[in-house]
There are 2 protein chains.
Amino acid sequence: MTPRKPTLHDVAAAAGVSIAAASFALRDKAGVSPETRERVLAAARALGYVVNAPARSLRTARYGAIGLYLPPGATRLPYYTEFAFGVVDAADRRGLSVILLPHREADDDTPPTAFVDGYVVVDGTTDDAGVRAILDTGRPVVSAEHLVGGEGRVAGSVVYDHETALRGLLDHLTARGARRIAAVLPAAGTAWSRELTTTYETWIAERGGIPISRAIGFIPTAEEVDAAVGDILATERVDALIVGPSGSAAPALEAAHRAGRRVGTDLLLAAYVDEPMHALLTPTVTSFDLEAREVGEACLELFTAIQDADPPTDRVQVRLPRLVVRASTAGP
Amino acid sequence: MTPRKPTLHDVAAAAGVSIAAASFALRDKAGVSPETRERVLAAARALGYVVNAPARSLRTARYGAIGLYLPPGATRLPYYTEFAFGVVDAADRRGLSVILLPHREADDDTPPTAFVDGYVVVDGTTDDAGVRAILDTGRPVVSAEHLVGGEGRVAGSVVYDHETALRGLLDHLTARGARRIAAVLPAAGTAWSRELTTTYETWIAERGGIPISRAIGFIPTAEEVDAAVGDILATERVDALIVGPSGSAAPALEAAHRAGRRVGTDLLLAAYVDEPMHALLTPTVTSFDLEAREVGEACLELFTAIQDADPPTDRVQVRLPRLVVRASTAGP
DNA sequence: CGCGGCAGTACCGGATGTTAT
DNA sequence: AATAACATCCGGTACTGCCGC
């Protein structure tokens with residue numbers, strides 16, 4: 001059943017050429033005649049030859065693998081899983097493997113698996129020991145969203161234009177009749193929270209209003225959301241509310257309900273990050289589809305482009321979140 | 001800054017011994033004196049030596065990596081992400097890397113990355129081309145839950161005792177006053193759905209009752225859940241309801257509410273798979289904590305144990321889901 | 001003499017069996 | 001009887017050079 005895996009030697013012998021010629025033919029390099037190439041390829045196919053990755057890596061110092069670093073503690077957000085498979089699928093198409101990297105405690109400075117060609121980091125900060133260790137390898141890093149604290153050290157990034165998106169949402173709410181829009185924002189620490197906060201405040205200021213906002217955790221507890229929303233509704237006369245952090249739509253709806261507001265008519269509610277659940281709530285909740293999978297794919301493709309120095313592509317790609325309008329912002 | 005990475009040669013030279021001696025010392029093998037070993041280790045530490053994985057793999061045909069295969073289409077279930085990081089963390093402790101494998105279309109039979117020592121598969125079926133390809137590699141496979149259709153071909157498994165768990169839940173509901181318990185079950189296809197269905201029917205039969213159940217998808221839509229729950233409540237006099245598929249608690253609550261039932265008192269509701277959301281719903285929902293992370297770790301540890309043939313361990317480990325009792329089954 | 005096409009071969013970095021001390 | 005040095009090999013890649021025209 002296992003007559004040993006065929007090696008390049010076997011292929012070369014079967015095709016009646018030298019190892020070097022076989023190697024060239026298989027890698028589609030110049031220096032072999034079309035007939036020879038064809039014979040080699042046929043032999044390889046017949047034998048079921050597969051290159052031995054470690055052997056190739058040993059010689060070339062390229063590993064055909066990239067490390068993927070997801071934010072610690074955020075494993076419950078479906079965004080990241082979706083993102084991860086975007087990276088994996090794109091990598092698969094290019095014959096690369098994706099290594100899922102472990103998170104690091106703050107005091108742990110062991111380097112990450114060294115035998116990768118580079119890394120993809122999502123929503124990273126240099127506050128994170130794992131991210132620092134990755135940057136310290138000196139290998140190319142592509143980030144999804146700006147890597148806070150490591151701005152000059154990434155080879156490329158795929159980022160969202162949250163400013164345009166949020167402005168669009170604020171305009172949408174205004175068009176549906178909102179006059180006083182409050183926001184529950186993620187606490188400082190990520191590029192995203194910074195962008196959301198300043199955009200919200202600027203937009204309000206431009207219209208001569210005063211911002212009404214509360215900050216809660218990046219991954220909020222129901223109580224936090226409840227308290228923030230309850231507080232806003234109790235102390236301010238608002239007719240629309242935007243909740244930023246993932247997972248806060250359901251508790252926000254709940255809190256609004258308890259405050260006696262009818263969401264969708266008398267209070268417009270929008271979440272920032274879309275989640276499957278938003279289509280299941282009553283009313284269904286308006287939010288931005290961030291297209292996690294596509295962004296994951298884009299990161300990997302940017303990585304390979306940079307690595308091959310193929311086109312000196314734009315190092316930063318910008319994507320616009322797509323607003324999914326649902327019943328919660330229907331309007332009166 | 002980068003005077004080339006130190007190799008075993010460098011370490012040996014620095015320690016004043018041969019390469020072979022250094023190799024032995026670093027791998028803690030017999031054949032070198034304690035003093036020599038110490039000198040080698042010190043030299044390695046001083047130089048920041050890290051073994052070159054490809055070189056080692058080339059020689060030993062071990063790769064220090066395992067492939068992880070998650071069910072396709074299930075990327076939105078937080079269970080799997082949590083599981084994945086359980087595997088990753090355990091692997092990290094053992095110095096192994098985890099390669100996240102891509103899903104395969106039914107007609108695609110390209111083999112998965114060959115340079116891994118084995119695979120971990122979760123909730124797999126041989127209906128899945130990706131799973132078949134993995135089994136065909138002949139490498140050891142550890143599965144979480146039984147691998148449907150590949151029973152004889154896995155090296156080990158970590159499975160839940162759903163029967164005992166579900167019986168416990170049925171008893172719990174009974175203790176809280178339930179007399180007629182209905183169930184919304186996952187459609188056939190996984191080991192889990194089979195076990196849930198037969199356990200439910202058996203338990204009911206043992207008490208001389210008649211089962212009241214509906215089947216919905218493994219990853220149900222809100223409408224499906226709504227229809228199933230609505231139908232049960234409209235046509236049967238039930239005082240308790242168990243919903244199996246992940247994500248169905250929220251829409252089930254909704255449907256019960258619309259049917260005029262007060263969940264927690266006049267209708268007891270329990271979900272099978274615990275989710276963070278269950279603590280945020282009103283009322284909070286009773287369900288089983290499946291400890292995804294721990295199970296992921298157990299899979300990896302089982303894998304390494306089997307690989308090292310260390311203890312001829314039990315090939316199948318059984319875990320009991322832990323019931324988390326919340327307000328939805330408080331009772332009248 | 002130049003050039004395309006291919007064979008020969010020195011590595012890449014470590015693991016391991018064999019031979020000296 | 002222990003240790004350590006030496007020689008090979010793992011499977012490719014890439015450089016050098018020979019051959020014939």
Side-chain angles (χ1 to χ4, degrees), chain A residues 2-44 47-65 95 97 111 113-117 308, chain B residues 2-44 47-65 95 113-117 308:
Chain A
T2 339
R4 212 181 94 261
K5 267 199 18 203
T7 74
L8 188 55
H9 290 73
D10 303 329
V11 175
V17 298
S18 76
I19 301 178
S23 178
F24 272 56
L26 287 168
R27 282 176 302 141
D28 207 20
K29 286 192 52 164
V32 279
S33 62
E35 312 86 69
T36 312
R37 180 186 313 286
E38 213 24 81
R39 257 191 308 141
V40 171
L41 292 179
L47 295 173
Y49 171 76
V50 182
V51 289
N52 182 307
R56 164 180 288 176
S57 297
L58 177 57
R59 190 63 238 234
T60 62
R62 297 235 345 204
Y63 307 100
S97 316
T113 340
F115 301 94
V116 295
D117 298 323
D308 304 346
Chain B
T2 340
R4 215 182 91 258
K5 264 179 74 184
T7 74
L8 188 54
H9 290 72
D10 303 329
V11 176
V17 299
S18 76
I19 302 176
S23 178
F24 273 57
L26 286 168
R27 281 175 305 137
D28 209 20
K29 285 193 52 164
V32 280
S33 62
E35 313 87 70
T36 310
R37 181 187 313 285
E38 212 24 80
R39 257 191 308 140
V40 170
L41 293 179
L47 295 173
Y49 171 77
V50 183
V51 288
N52 182 307
R56 165 180 288 175
S57 298
L58 178 57
R59 189 61 230 232
T60 61
R62 296 230 351 200
Y63 308 99
T113 339
F115 301 94
V116 294
D117 298 323
D308 304 346

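Just so we're on the same page: letters track the sequence lines, and every chain starts at 1. In this text the structure is predicted, and so the values were computed from the model without any measurement.
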- Task: For Pro34(B) and for Arg59(B), locate the closest nucleotide of DNA chain D by heavy-atom distance; then report the residue assigned to the nucleotide nearer the 5' terminus.
- Result: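 Upstream on the strand: Pro34(B).
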- State, without any angle test, whether Ser23(B) and Arg27(B) hold a side-chain donor-acceptor pair at a distance under 3.5 Å.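 A donor-acceptor contact under 3.5 Å links the two side chains.
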Rounded to whole angstrom units, what separation is found between the [atom1] atom of [X] and the [atom2] atom of [N]?
{"X": "Phe24(B)", "N": "dT3(D)", "atom1": "CZ", "atom2": "P", "result": "12 Å"}
{"X": "Asn52(B)", "N": "dG11(D)", "atom1": "CG", "atom2": "P", "result": "16 Å"}
{"X": "Lys5(A)", "N": "dC10(D)", "atom1": "NZ", "atom2": "P", "result": "15 Å"}
{"X": "Leu26(A)", "N": "dA14(D)", "atom1": "CG", "atom2": "P", "result": "13 Å"}
{"X": "Asp28(B)", "N": "dA15(C)", "atom1": "CG", "atom2": "C1'", "result": "16 Å"}
{"X": "Glu38(A)", "N": "dG5(C)", "atom1": "CD", "atom2": "P", "result": "16 Å"}
{"X": "Leu58(A)", "N": "dC10(D)", "atom1": "CG", "atom2": "P", "result": "14 Å"}
{"X": "His9(B)", "N": "dA5(D)", "atom1": "NE2", "atom2": "C1'", "result": "13 Å"}

Checking all strands, does [X] fall into the base, sugar-phosphate, or nothing category for heavy-atom contacts under 4.0 angstrom?
{"X": "Leu8(B)", "result": "sugar-phosphate"}
{"X": "Thr36(B)", "result": "sugar-phosphate"}
{"X": "Ala21(A)", "result": "sugar-phosphate"}
{"X": "Val11(B)", "result": "nothing"}
{"X": "Ile19(A)", "result": "base"}

If you round to the nearest 0.5 Å, how far is [atom2] of [Y] from [atom1] of [X]?
{"X": "Leu26(A)", "Y": "Leu8(A)", "atom1": "CG", "atom2": "CG", "value": "6.5 Å"}
{"X": "Ile19(A)", "Y": "Thr7(A)", "atom1": "CD1", "atom2": "OG1", "value": "7.5 Å"}
{"X": "Tyr63(B)", "Y": "Leu58(B)", "atom1": "OH", "atom2": "CG", "value": "8.5 Å"}

- Task: Using heavy atoms to find the nearest nucleotide of DNA chain C for Ala20(A) and Lys29(B) separately, return the residue whose nucleotide is more 5′.
- Result: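 The residue whose closest nucleotide sits nearer the 5' end is Ala20(A).
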Between [X] and [N], is there a side-chain N or O to OP1/OP2 distance below 4.0 Å?
{"X": "Thr60(B)", "N": "dA15(C)", "result": "no"}
{"X": "Arg56(A)", "N": "dG11(D)", "result": "no"}
{"X": "Arg62(A)", "N": "dT13(D)", "result": "no"}
{"X": "Thr7(B)", "N": "dG13(C)", "result": "no"}
{"X": "Ser33(B)", "N": "dA2(D)", "result": "no"}
{"X": "Tyr63(A)", "N": "dC12(C)", "result": "no"}

- Item | Close side-chain approach of Ser57(B) and Phe115(B), heavy atoms under 4.5 Å |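 Ser57(B) does not reach Phe115(B) side chain to side chain.
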- Choose from dA14(D), dG12(D), dG14(C) the nucleotide whose nearest atom is closest to any side-chain atom of Ala55(A).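 That would be dG12(D).
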- Task: Measure from the side chain of Val17(B), starting at C-beta and using heavy atoms only, and say which of dA4(D), dG13(C), dA5(D) lies closest.
- Result: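 Looking only at heavy atoms from C-beta outward on Val17(B), the closest nucleotide is dA5(D).
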- Lys/Arg N to Asp/Glu carboxylate O, Lys5(A) vs Asp10(A), below 4.0 Å: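 Salt bridge between Lys5(A) and Asp10(A), a charged N being under 4.0 Å from a carboxylate O: no.
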